[in-house]
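Chain naming here is simple, since letters A, B, ... match the order of the sequence lines and numbering starts at 1 in each.
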Amino acid sequence: MKPYDPAKIEPKWQKKWHSSKIYRAKENTKKKKFYGLIEFPYPSGEGLHVGHIRSNTAMDIISRKRRMEGFEVLYPIGWDAFGLPAENYAIKTGTQPSTITKKNAATFRRQLKALGFGFDWSREVDTTDPKYYKWTQWIFLQMLKNGLAYKKKMAINWCPKDLIGLANEEVVDGKCERCGTPVEKKEKEQWMLAITKYADRLDKDLDTVDFEERIKTQQRNWIGKSEGAEIDFSLDFKKNPADNGRLGPDGKPTRLKIFTTRPDTIYGATYLVLSPEHLWVTLALDDAHDVLENKDEVKSYLAEVKKKSEIERTAEGKEKTGVELKGIKAINPATKEEIPIYVADYVLAHYGTGAIMAVPAHDERDAEFAKKFGLAVKRVVEPLFLDTVDKNKPLIERDAIIAIIKHWSEDRYIGLKWKKVNWQTLLTGGPDEGQSLEQGAIKEILEETGYKHPKLIKQSYTVHSKFFHAPKNVNRFAHLNIFYFQLENGEKLEIADEEKENHEVVWLTPDEMGKFLTPECHRYVWNEYQNGEAQYTGLGILVNSGPFDGRQSDEVTKEITQSVGGKSVTTYKLRDWIFSRQRYWGEPIPVIHCEKCGIVPVPEKDLPVKLPPVKNYQPTQTGESPLASIKKWVSTKCPQCKGPAKRETDTMPNWAGSSWYYLRYTDPKNAKVFAGQKNLKYWTPVDWYNGGMEHTTLHLLYSRFWHKFLFDLGLVPTSEPYQKRTSHGLILAEGGVKMSKSVGNVINPDGIVKTFGADALRLYEMFMGPFEQHISWDTNGIVGTRRFIEKVWRLQEKVVHPFTSSEATARTLHKAIKKVTEDIESMGFNTAISTLMITVNELEKIEAISRESYGTLLKLIAPFAPHVTEELWALIVNKGSIHQATWPEFDPSLIINTEATIVVQVNGKTRTSFTAALNSSKEFLETKVQELPEIKKWIEGKSIVKIIVVPGRLVNIVINELTV
RNA sequence: GGUCACGUGGCGGAAUUGGUAUACGCGCACGUCUCAGAAGCGUGUCCCGUAAGGGUUGGGAGUUCGAAUCUCCCCGUGACCACCA
């Protein structure tokens, strides 16, 4: 046996695989296809990151398994090569970004090949290749034609360091996602893509795909769909009554449209708030109108708001600011009451209608504002707590009380601990016929606690509760009035025995009480008592709401909306995509500005609009792209009128090229279309796409949007690009911090491959922890997977041919087949490898293994460690590549045990175990167990209460412990 | 602040329709091989206890014959969102 030498084996097989083209994907329509995708890397100067290896290996394993299962597999690779780092490097050194990109890609290519990934290198794509970005530009033109791309002057997020406009998705905590510089607002004409037109489908169609739940949730939250209503409030111009009933300052009838998700609280709307950017505010300040009494005050507030940065405006714990629009009042359409109107920056211009009705009793933000400005608070929803009810039983309504009873001298309160049900409550009860609630409360106190002299401090609000009352076996709909009592002294009667059996009275400090109470409504009542008037933002029973009093709030939303002439609408948090970048290293936006004809798209036959070479890559302080300074390139002819015209100098963000690259992989060389229909039909959708969580609201959402657009044009066969999406955890440096060049804790895979081999590295990256979880790098761990490979290598000495493996060996192997097969599907790579290690440890103990058995073992390991298994396969087992061999199937009869280990417990404690036939009867096990000597000593002289038998698993003997 | 995850040896982690906690790997200790070291191989390795036995899955309470797993409270960590009406 030769020693295991990965430095020799690995390059040898990499070369052979390349020349035999075994990873080339063909449009073989007779075979089932599998399209596995990883996010194509940005070829940075730092070279391949160990994180790339983890996600690439995972999909490599899945693809290899699919190939062995008989699928035609497409597992492609390419370069997402537009972007800031190359440009910044170019600014520093004067090197062409394209030159740097080519060099970096070459490094990546060499490193990826050294790891033995089964990519189809013949389909490599590069987003910066004009042959590629021709089609990126082409798709943009289709969007322009269809009204999805438009230009808009708007306040954009501007990074003063990178000198670049940012999409909302690229602003994190008010800072630039890349460099952490606080983002400023800047007015600029920008190209926009109307992703919001697809908001509803992007949300709804998540139901049709197999994405990890956390990914779906994050996308849904980002899209932020919410159902609500738009309601008009009419206005009363106090300063200038002549305007009433005529036109308002915006030239429209004197009405203000607000958006709310809680129309049910409209009777509690005590003022309106407009966002500072609201058109109505702008117009009210216009010199042409004279409707405000405090124009100057409002103007100075707006100026103040404008000065604030995004961070200041949204800072945590920031106090609410605002100003009243004096001279105008609004009429609440439900109560017909006159209410004031404010301008405040806590209302966002771009969401809903940019105006709200404020309900301080049931909204935290409104409450804060109302408190500061001394505005009216009107409670219209009484809390309702829904517990599980028994649907087969009627709901019995009754008035009742909850009493908080304070000790006569100490800061302690009465809690009741119920014995039959698992409740811990405040005192509750109800009046008898003819009694008042207060009398009922006093009676309950006497009956349940014995105390004779409660003094009423206060009767407060009401809460409601629907629940199943187990002791009386009915559903209750209780209207609970809250009473505060203090006892005057400790004088008490002995309480009746039957009450004693029901519950125990305990005196608790406020702290203890907080932890003691179990029912939600009791906890609410207690918190409110502790913290004073609390916000209630949940659903409940309406009060002070005219005809809707007594109704459940969530059930009357539509009715109330209609009653005030409102309209049900759906809104989204998602905003349109800012598509312009004032940068050099991106796809030029293929548009020409003509003085006569305006914006003219570049004719498709003139695509691609190529990036010209430039001397200076520095962005201009004015926020224009470096392209603007190349006069020769900028000046051109208008395609329509042939007159003088200028090229658009903005470029696309680097999310553009990645929005459709998976389509290009299916037909990467096509010069006529972005991808041919035949190939698209065969390969799409992507069957399995793995990538990082950081792309969930950016790349993943953007590419779904582009795909849906292409689908609507009939250019792609499916409405969703990716059938399945999973996410890997990041690899962190030792100590759980991010790997970064500046800290110097980046792991270079080249060194690892050299010392341990690519196979050991691949195995380690998959073994180190759960795939979806973040995990710290530990170079020491690779020793373990290297030893594992050496063990597999040494097993070759045990192979005997011809020979038949024992049944025990077969059982071991078939269990491994089952576990590994299932674990790969669920991305449980760490447990799959652990199973393989256990299997190899088992095989080491036996004398001889058949060639077939060894082959099976190698096949299971092949996706993880492709080189060493290929070598051993060629050496010991068979001709041809192991990666084209058939994936083993397990024999169910070899999985099922005929014997089972039965655990024997006494009072739940494990005492011994024994083996018995799997199908042993309960009766047999029951008797057998009592005969075991290890058990006899535990049960001797004690009476057996019962015996619990779980066939095939365990027996638990419950005995009477010696008490006293 | 909100939402959702998660918390298991010296370390990474395994075990989830509730049924032998600590699989697998790293590390460590001892042994073996060696002139010696490395690598390899073998044995051991949750805690207390000589043993019998007892204890242990962030802390506390509960449900259960039986809880790492289910429920409640508290503590801690992480991710996402963050004035979205």
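- Residue contacts for K320(A): at a heavy-atom cut-off of 4.0 Å it reaches a base atom on one of the strands shown.
- If you measure from atom CD1 of I782(A) to atom P of rG27(B), you get 12 Å, rounded to the nearest angstrom.
- Within 4.0 Å (heavy atoms only), N841(A) reaches sugar-phosphate atoms of the nucleic acid but no base atom.
- Here rC41(B) presents its P atom at 11 Å from CE of M1(A), a figure rounded to the nearest Å.
- Spacing between rC48(B) and rU56(B) at atom P, rounded to whole Å, works out to 15 Å.
- The separation of rC4(B) from rG54(B), taken at their P atoms, amounts to 41 Å, rounded to a whole angstrom.
- For the pair R786(A) CZ and rG40(B) C1', the computed distance is 12 Å after rounding to whole Å.
- Remark: the separation of the C1' atoms in rU57(B) and rC6(B) is 13 Å, to the nearest Å.
- For the pair K320(A) and Y346(A), the distance from NZ or CZ to the six-membered ring centre is under 6.0 Å and the angle to the ring normal is within 45 degrees.
- Contact of the L256(A) side chain with the L274(A) side chain is registered, since non-hydrogen atoms from C-beta on lie closer than 4.5 Å.
- Nucleotides rG10(B) and rU45(B) have their P atoms positioned 15 Å apart, rounded to a whole Å.
- When distances are taken from the side chain of M837(A) to each of rC26(B), rC24(B), rC80(B), the shortest belongs to rC24(B).
- For L348(A), counting side-chain heavy atoms from C-beta on, the closest listed nucleotide (rA21(B), rG66(B), rA85(B)) is rA85(B).
- At a cut-off of 3.5 Å, with distance as the only test, no side-chain donor of D778(A) or Y764(A) sits close to an acceptor on the other residue.
- Among the atoms of the strands shown, none is found under 4.0 Å from any heavy atom of T785(A).
- Taking atom CG of L954(A) as the reference point, atom P of rG19(B) lies 10 Å away to the nearest angstrom.
- Distance check on atom P: rC24(B) versus rA79(B) gives 33 Å, rounded to whole Å.
- Within the structure, a side-chain polar atom (N or O) of R911(A) is placed less than 4.0 Å from OP1 or OP2 of rG54(B).
- Spacing between rC47(B) and rG2(B) at atom P, rounded to whole Å, works out to 41 Å.
- Base orientation for rG78(B): anti, the chi torsion being more than 90° from 0.
- Among the protein residues, I833(A) comes within range of no part of the nucleic acid, since none of its heavy atoms lies under 4.0 Å from any strand.
- For R787(A) and rG40(B), the shortest distance from a side-chain N or O to OP1 or OP2 is below 4.0 Å.
- Put simply, R794(A) has no side-chain N or O that comes within less than 4.0 Å of OP1 or OP2 on rG40(B).
- The two residues T839(A) and T812(A) have their closest heavy-atom pair at CG2-CG2, 4.0 Å.
- Checked by distance alone, Q905(A) brings a side-chain donor or acceptor within 3.5 Å of a matching partner on the base of rG19(B).
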